[in-house]
Colleague: 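This structure is in structure tokens; I'll ask about it shortly.
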Amino acid sequence: MAQLGLIGLGKMGFNMRERLRAAGHEVIGYDRNPDVTDSTSLEDMVSKLDGPRIVWIMVPAGEPTRQTVAELGNLLSEGDLVIDGGNSKYTDDKINGDLLAAKKIGYLDCGVSGGVWGKDNGYGLMVGGAASDVEKAMPIFDALRPEGPREEGFSHAGAVGSGHYAKMIHNGIEYGMMQAFAEGFELLEAAKVVENVPAVIKGWQRGTVVRSWLLDLLVRALDEDPELDDLEGYVEDSGEGRWTLEEAINNAVPAPVISAALFARFASRQEDSAAMRAVAALRNQFGGHAVKKVQ
């Protein structure tokens, strides 16, 4: 049995705590929400852990994570280990790792995929850091990952920063896959050739080359709302799609699918696009094409 301090008990962190406890591990969580926390403060949580301690962070990326790492640096001791399992930008990991290394505290960055379903299905884990620190935390990783061969749900990607880098690219791929399914759905709906669109998409779940968990989730959504009329077509992005494109530019790697998927999300947030008004105006000017006037 391993012992773990877990900071951040939101949708992901809460379910991770439940999965770890079901595997027989002791988890002492801290969250500002008094209804879910196991301790009153970071200091209280650390005091309840036996050395050498392992602390896993699941808080929003950016300043909240950096502040948490800095606080832990003042609370933990030599030989302890911190794991950032949030969606931090990989460039933050060297800063966090160096800060803790100065105090001889280990640091791992862990990209985590699985969403709210991870509690039952397990989480895909991509880890960056020293091999000795990875080995120290392996009982935790083995409990969180899906059942089956370790290498199919867990990877030691390389040095500090590589885990979050791998997760960033993973999420960029995810953007493109989701956009392809979404465009296929819209075309099936628009053409009016197919009479039962949900049935066709459900029929892709077995035997086809596009079968996937994302497809299964789309089928589930269509079972609940066959026309998806209950939703607005407004889509946020977590930031990792943007970071993926930055890396594509920095490395001169063409990524047209991922870029188009990200820009489609931007377009979804525009109630009235100035760009498209300009396109309409130009078409009217050079070709006399019909335009729709504001009512």
Colleague: Test your reading of the model: is there a side-chain donor-acceptor pair from N284 to the backbone of A280, 3.5 Å cut-off?
Modeller: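 Flag not set: sc N284 to bb A280 has no pair under 3.5 Å.
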Colleague: Is it the case that atom CZ in R283 sees more than 12 heavy atoms from other parts of the structure closer than 6.0 Å?
Modeller: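 No, the 6.0 Å shell around CZ holds no more than 12 heavy atoms from other groups.
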Colleague: Is it the case that atom CD in Q205 sees more than 12 heavy atoms from other parts of the structure closer than 6.0 Å?
Modeller: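 Correct, the count exceeds 12.
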Colleague: Considering residues, nucleotides and ligands other than E63, do more than 12 of their heavy atoms fall under 6.0 Å from its CD?
Modeller: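 Enclosed.
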Colleague: Taking atom CH2 as the centre, does W213 end up with more than 12 heavy-atom neighbours from other residues, nucleotides or ligands that are less than 6.0 angstrom away?
Modeller: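 Yes, enclosed.
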Colleague: Between CG of D31 and OG1 of T37, what distance do you get to the nearest 0.5 Å?
Modeller: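 Here the interatomic distance stands at 6.0 Å.
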Colleague: Can you tell me how far apart CD (E271) and CD (E232) are? Round to the nearest 0.5 Å.
Modeller: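 The CD atom of E271 sits 8.0 Å away from the CD atom of E232.
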Colleague: Considering only heavy atoms from C-beta outward, does the side chain of Y90 approach that of M168 to under 4.5 Å?
Modeller: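 Yes, their side chains come closer than 4.5 Å.
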Colleague: So, taking the atom named SG in C110 and the one named CE in M58, what distance separates them when rounded to the nearest 0.5 Å?
Modeller: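 That separation rounds to 8.5 Å.
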Colleague: Is it the case that atom CD in E195 sees more than 12 heavy atoms from other parts of the structure closer than 6.0 Å?
Modeller: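 No.
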Colleague: Do L188 and I201 come close enough that some side-chain heavy atom pair is under 4.5 Å?
Modeller: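 Touching, per the 4.5 Å side-chain cut-off.
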Colleague: Would you please test R53 and D50 for salt bridge (Lys or Arg N to Asp or Glu O under 4.0 Å) and show each step?
Modeller: CA-CA 6 Å; R53 309 173 186 90; D50 301 324; over 6 Å; no
Colleague: What about F14 and V55, same hydrophobic cluster or not, with Ile/Leu/Val/Met/Phe/Trp/Tyr joined at side-chain heavy-atom distances under 4.5 Å?
Modeller: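 No, it is not one cluster - the side chains of F14 and V55 are not joined through contacts under 4.5 Å.
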Colleague: Is the shortest heavy-atom distance from the side chain of V59 to the side chain of Q67 under 4.5 Å?
Modeller: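 Of all side-chain heavy-atom pairs linking Q67 with V59, none is under 4.5 Å.
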Colleague: Using the rule that Ile, Leu, Val, Met, Phe, Trp and Tyr join whenever any side-chain heavy atoms are under 4.5 Å apart, tell me whether I57 and L108 fall into a single cluster.
Modeller: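 No; L108 is not reachable from I57 via cluster members.
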Colleague: Verify whether one side chain among Y107 and D93 offers a donor that lies under 3.5 Å from an acceptor in the other.
Modeller: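 Indeed, the side chains of Y107 and D93 share at least one donor-acceptor pair under 3.5 Å.
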Colleague: Can you tell me how far CZ of R145 sits from CE of M138, rounded to the nearest 0.5 angstrom?
Modeller: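 M138 CE to R145 CZ: 8.5 Å, rounded to 0.5 Å.
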Colleague: A quick test of your reading: do over 12 heavy atoms of other residues, nucleotides or ligands sit less than 6.0 Å from NZ of K11?
Modeller: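 No, the 6.0 Å shell around NZ holds no more than 12 heavy atoms from other groups.
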Colleague: Is any side-chain heavy atom of P198 less than 4.5 Å from a side-chain heavy atom of N196?
Modeller: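 Counting from C-beta outward, P198 and N196 do come under 4.5 Å.
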Colleague: Below 4.0 angstrom, N of the basic side chain to O of the carboxylate: do D84 and K94 qualify?
Modeller: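 So D84 does not pair with K94 through a salt bridge.
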Colleague: For R220 and D225, run salt bridge (Lys or Arg N to Asp or Glu O under 4.0 Å): C-alpha distance rounded to whole Å, both residues' side-chain angles, the deciding distance at 0.1 Å, then the answer.
Modeller: CA-CA 9 Å; R220 185 173 184 268; D225 179 10; over 6 Å; no
Colleague: Going through the distances and angles, do D120 and R19 end up as a salt bridge (Lys or Arg N to Asp or Glu O under 4.0 Å)?
Modeller: CA-CA 7 Å; D120 297 321; R19 184 173 176 86; over 6 Å; no
Colleague: Could you go through M178 and L214, starting from their C-alpha distance and side-chain angles, then the distance that decides it, and tell me whether this counts as side-chain contact (heavy atoms from CB on, under 4.5 Å)?
Modeller: CA-CA 7 Å; M178 285 193 287; L214 283 176; 4.0 Å; yes
Colleague: Which heavy atom of Y165 sits nearest a heavy atom of E247, and at what distance?
Modeller: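 Where Y165 meets E247 most closely, the heavy atoms are OH-OE1, 2.9 Å.
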Colleague: Test Y30 against T68 for side-chain contact (heavy atoms from CB on, under 4.5 Å), laying out the working first.
Modeller: CA-CA 12 Å; Y30 170 66; T68 302; over 6 Å; no
Colleague: What pair of heavy atoms forms the shortest contact from G124 to P146, and how long is it?
Modeller: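 For G124 and P146, the tightest heavy-atom pair comes out as N-CD, 4.4 Å.
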Colleague: State, yes or no, whether a side-chain contact exists between V46 and E43 at a heavy-atom distance under 4.5 Å.
Modeller: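 Counting from C-beta outward, V46 and E43 never come under 4.5 Å.
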Colleague: Would E183 and Q179 count as having a side-chain donor-acceptor pair, cut-off 3.5 Å?
Modeller: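 E183 vs Q179: donor-acceptor pair found between side chains.
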Colleague: Indicate yes or no: at least one non-hydrogen side-chain atom of S113 is less than 4.5 angstrom from one of M126.
Modeller: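 Touching, per the 4.5 Å side-chain cut-off.
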Colleague: Is the count of non-hydrogen atoms from other residues, nucleotides or ligands lying under 6.0 Å from Q270 atom CD greater than 12?
Modeller: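 For Q270, atom CD is crowded (more than 12 foreign heavy atoms under 6.0 Å).
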Colleague: In terms of hydrophobic clustering (I, L, V, M, F, W, Y; side-chain heavy atoms under 4.5 Å; direct or indirect links), are V134 and I105 co-clustered?
Modeller: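 Per the 4.5 Å side-chain linkage, V134 and I105 are not co-clustered.
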Colleague: Does I173 form a side-chain contact (heavy atoms from CB on, under 4.5 Å) with V257? I'd like the steps, not just the answer.
Modeller: CA-CA 9 Å; I173 294 168; V257 171; over 6 Å; no
Colleague: I'd like to know if K202 and D223 make a salt bridge, using a cut-off of under 4.0 Å between side-chain N and carboxylate O.
Modeller: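 Here K202 pairs with D223 in a salt bridge, since their nearest N and O are under 4.0 Å apart.
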Colleague: Please work out whether the ring planes of F154 and F141 are parallel, tilted or perpendicular, with thresholds of 30° and 60°.
Modeller: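 Tilted, since the angle between the ring planes falls between 30° and 60°.
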Colleague: Looking just at side-chain N and O atoms, do N171 and K167 make a donor-acceptor pair shorter than 3.5 Å?
Modeller: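 The criterion, which ignores hydrogens and geometry beyond distance, is satisfied for K167 and N171.
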Colleague: As a quick check of understanding, evaluate side-chain contact (heavy atoms from CB on, under 4.5 Å) for I140 and L20, giving each step before the final call.
Modeller: CA-CA 7 Å; I140 301 298; L20 286 166; 4.0 Å; yes
Colleague: Are D98 and K103 ion-paired here, with the side-chain N under 4.0 Å from a carboxylate O?
Modeller: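 No salt bridge links D98 with K103.
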Colleague: Does some side-chain heavy atom of M45 sit less than 4.5 Å from a side-chain heavy atom of D38?
Modeller: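 They are not in side-chain contact.
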Colleague: Any side-chain donor-acceptor pair under 3.5 Å between E240 and Y175?
Modeller: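 Note: E240 and Y175 side chains miss the donor-acceptor criterion.
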Colleague: I need the R242 CZ to R265 CZ distance, nearest 0.5 Å.
Modeller: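 Rounded to the nearest 0.5 Å, the CZ-CZ separation comes to 10.5 Å.
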Colleague: Can you get from V160 to L76 by hopping between Ile, Leu, Val, Met, Phe, Trp and Tyr side chains that sit under 4.5 Å apart?
Modeller: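 Result: yes, single cluster for both.
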Colleague: Does CD belonging to E26 count more than 12 external heavy atoms closer than 6.0 Å?
Modeller: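 Atom CD in E26 is crowded, with more than 12 foreign heavy atoms closer than 6.0 Å.
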Colleague: Does V197 belong to the same Ile/Leu/Val/Met/Phe/Trp/Tyr cluster as V210, with side-chain heavy atoms less than 4.5 Å apart forming each link?
Modeller: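 Yes, V197 and V210 fall within the same hydrophobic cluster.
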Colleague: Using a distance-only test with no angle check, is there a side-chain donor-acceptor pair under 3.5 angstrom linking S88 and D92?
Modeller: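 Checked: S88/D92 side chains show no N/O donor-acceptor pair below 3.5 Å.
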Colleague: Should L42 and I7 count as side-chain neighbours, where that means a heavy-atom distance under 4.5 Å?
Modeller: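 They are in side-chain contact.
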Colleague: Give me the atom names and distance for the closest heavy-atom approach of S39 to G29.
Modeller: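 Closest heavy-atom pair between S39 and G29: OG-O, 2.9 Å.
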Colleague: How long is the straight-line distance from CD of E246 back to CG of N251, given to the nearest 0.5 Å?
Modeller: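 N251 CG to E246 CD: 11.5 Å, rounded to 0.5 Å.
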